[in-house]
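First comes the structure, then the notes that go with it.
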Number of protein chains: 2
Amino acid sequence: MSSMAAMPNTHDAGAEVSTVWLRVFLEVARHGSFTVAARTLGWTQSAVSRQIASLEAALDGGPLFDRLPRGVALTEAGRLLVPHAETVAAALHDARRELGALREAAGGRLRFGAFATADAALVPHALALFRARRPRVRVTREEGLTPALLDQLTAGHLDLAVVSTTGRAPLESYELHHLLDEPLYVAVPDGHPLAAHEGPVPLGHFADADWISGSARPEGTLLDAALRQGFRPRVAHVVGEWTAKQGYVAAGLGVTLVPALAAESVRPDITLLRVRDEGAPARAVYAATVRGRSLTPAASAFLDAVREATAKIPA
Amino acid sequence: MSSMAAMPNTHDAGAEVSTVWLRVFLEVARHGSFTVAARTLGWTQSAVSRQIASLEAALDGGPLFDRLPRGVALTEAGRLLVPHAETVAAALHDARRELGALREAAGGRLRFGAFATADAALVPHALALFRARRPRVRVTREEGLTPALLDQLTAGHLDLAVVSTTGRAPLESYELHHLLDEPLYVAVPDGHPLAAHEGPVPLGHFADADWISGSARPEGTLLDAALRQGFRPRVAHVVGEWTAKQGYVAAGLGVTLVPALAAESVRPDITLLRVRDEGAPARAVYAATVRGRSLTPAASAFLDAVREATAKIPA
DNA sequence: CTGCGGAGATGCGACAAGCGAATGTCTAGC
DNA sequence: GCTAGACATTCGCTTGTCGCATCTCCGCAG
């Protein structure tokens, strides 16, 4: 019993107002009766009585209703409160509605991107899983190289991107969910001198080969691995399309690098030689999202699907 | 264990939203931190954390904030909610402000009316009591006959009216707080034949007298009492002002009725003769308010003052 | 004038919400 | 790796609010 008297909250003018009280207030004002309002709201009359009493005490503006023998009637203060209570109710209703619409739009939508070879097996499997679980989600897919996909992520045009890294430091502003480290293969035509090579072959063996690549410069592509092995590959033909690349290789015009994800889908007259990992790992594949930005439910579900699909793919 | 399973409120999308949660939400949004917002609001961090969690659960629109290592940041849903939360806060603030203003205006104001002779002693006494207790209340006074005062009450221009009834049935729509039943006196000049009459004199003794009255017709005035005694008084002079009336009487031009409330303030050369109550009571004085309309605090205090003043007046 | 019925107020017991304090988890920075 | 900062979680307790039953007040009908 010390001096901490804490001032009992008798007649506290700053008391908080419950939205429940306001809803009840409006209902009572509409019907002019506590009892009817109580029935409408599914409560008892005593509850409504105390709700209004609480509201009157909290607002400290005197009675809001005159208690009459046949019901109640708004006082001047009550009439003054009505429009504000309606404003509050409308604001809450609008907020709920708009949040629902947002949830519908964001939760019912998945925008993801992936680099080309991920589309060979990983993405289709993941997408099949995802569609089975979230059939109503509208999915949009974008194809592109890793840097472009990350830009799209930052710009908010994508929810998630399946990206690869050739060993460079991943950017700090992304959340990278590691999926797998994929080994590389060199695709050579049947009959190539090294076609019968046993076990992983060092990439340096192809330092003098003609290369088929999607880009004239190796930087930023799979051929970056060649640079790390100490030689600059000679790009004999720039071919973007994977099927076309295979054609060039099969015709003996050169060799090309094939990531593991695409290894399953090579034509039979081509031999894949596993590249020996020397030093840096071949290539890591991630599902990237923006760090600190919450995932939509759809993106979260797709991330799960991608992980499960990854587990099904032979590493 | 019947079918009334009542669906436990897990994940109830229709849950109510507390205004406290919204206030906390805005504070967190402003500062970008639960901890800072908690300090600002005088709560603990854990409280704020649960407030936001409750709000997110109630709105069911996903997280409102992304939890980052250095604080929090609004999500899309959170950004969407901000203006609505501000609308609610503003509406509540406005309501409080306007109610305060109303309270200030209504609580600091007293509008009352009284009939003329009540101003002789009753109203001044009551007003003195009231002003001593509520010195800051602005008082406006209106003078008028009972019917006019009642009309002003109904129209909302008066908070309270001191009215009299000559025996007619009081209207149902007013709350009549009985103050006193006042006897009537007949004012006669010194030397009048009946001036020395012992005890109450029947009004019929003045059936042939010349009357001084405020109105040519007796209906609705004090002279209504004469009608109830079975004679129609001859109004010789129509004089409204009380002082002037006394002059007329002193000059021997006629007699006039004086209600008890004005009995104290007659000039010395006039004699008052108590009228004998025969049948209906002379006149009742009430403080009238509108039935079913709540009294302002000032009106309530003034009503008390009038009652106390009544007790001090000799009946 | 005396019950009767309808309307709001209130006491009571029970349950749920919400608080503070202490503790756990995660991340960044040294 | 350790410390510091920030949010989440658990625990015990206070406070608020419900339903139920009851009370009071008022108008109405017999």
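Here is how names work: the chains are called A, B, and so on, in the same order as the sequence lines, proteins then strands, and each is numbered from 1.
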Within residues 61-80 of chain A, find the residues that approach DNA chain D with a heavy atom at under 4.0 Å, and present them sorted by residue number.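 Those residues whose heavy atoms fall under 4.0 Å from DNA chain D, taken from residues 61-80 of chain A in numerical order, are P69(A).
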
Within residues 26-38 of chain B: residues closer than 4.0 Å to DNA chain D (heavy atoms):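 Correct list: S33(B), F34(B), T35(B).
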
Could you list the residues that satisfy side-chain contact (heavy atoms from CB on, under 4.5 Å) with [X], not counting sequence neighbours?
X	answer
V290(B)	L153(B), R293(B)
H178(B)	D181(B), A284(B), Y286(B)
T154(B)	Y174(B)
P63(A)	E56(A), R67(A)

Please tabulate the protein-to-nucleotide N/O contacts below 3.5 Å involving nucleotides 17-21 of chain C, giving atom names and distances.
| unit_1 | atom_1 | unit_2 | atom_2 | d |
| --- | --- | --- | --- | --- |
| dC19(C) | OP1 | Q51(B) | NE2 | 2.2 |
| dC19(C) | N4 | R50(B) | NH1 | 3.0 |
| dG20(C) | OP2 | T44(B) | N | 3.4 |
| dG20(C) | OP2 | T44(B) | OG1 | 2.7 |
| dG20(C) | N7 | R50(B) | NH2 | 3.2 |
| dG20(C) | O6 | R50(B) | NH1 | 2.9 |
| dA21(C) | N6 | S46(B) | OG | 3.3 |

Evaluate R23(B) against E86(B) for salt bridge (Lys or Arg N to Asp or Glu O under 4.0 Å), listing each step before the verdict. CA-CA 8 Å; R23(B) 184 191 309 280; E86(B) 285 173 342; over 6 Å; no

Can you tell me the distance, in whole Å, between the CG atom of L41(A) and the C1' atom of dC18(D)? 14 Å

How long is the line joining CD of E175(B) and P of dC25(D), in whole Å?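 Atom-to-atom, E175(B) to dC25(D), this comes out as 14 Å.
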
Between OG1 of T75(A) and CZ of F65(A), what distance do you get to the nearest 0.5 Å?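 Reported value, rounded in 0.5 Å steps: 8.0 Å.
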
Stepwise salt bridge (Lys or Arg N to Asp or Glu O under 4.0 Å) check, R97(A) with E104(A): CA-CA 10 Å; R97(A) 199 174 40 74; E104(A) 195 69 24; over 6 Å; no

Can you check whether R30(B) reaches T40(B) side chain to side chain, under 4.5 Å on heavy atoms?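 Side-chain contact under 4.5 Å: no.
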
Please examine the side chains of F25(A) and I52(A), heavy atoms only from C-beta on, and report whether any two atoms are closer than 4.5 Å. yes

Name all residues meeting the side-chain hydrogen bond (donor to acceptor under 3.5 Å, both in side chains) criterion together with [X]; count only those two or more places apart in sequence or in a different chain, and write none if there are none.
X	result
W21(B)	Q51(B)
R50(A)	S46(A)
H177(A)	T289(A), R307(A)
Q45(A)	none

Please determine if a side-chain N or O atom of R39(B) lies less than 4.0 Å away from the OP1 or OP2 oxygen of dG5(D).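 Indeed not, no polar side-chain atom of R39(B) lies that close.
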
Protein-nucleic acid N or O pairs under 3.5 Å, nucleotides 2-5 of chain C:
none

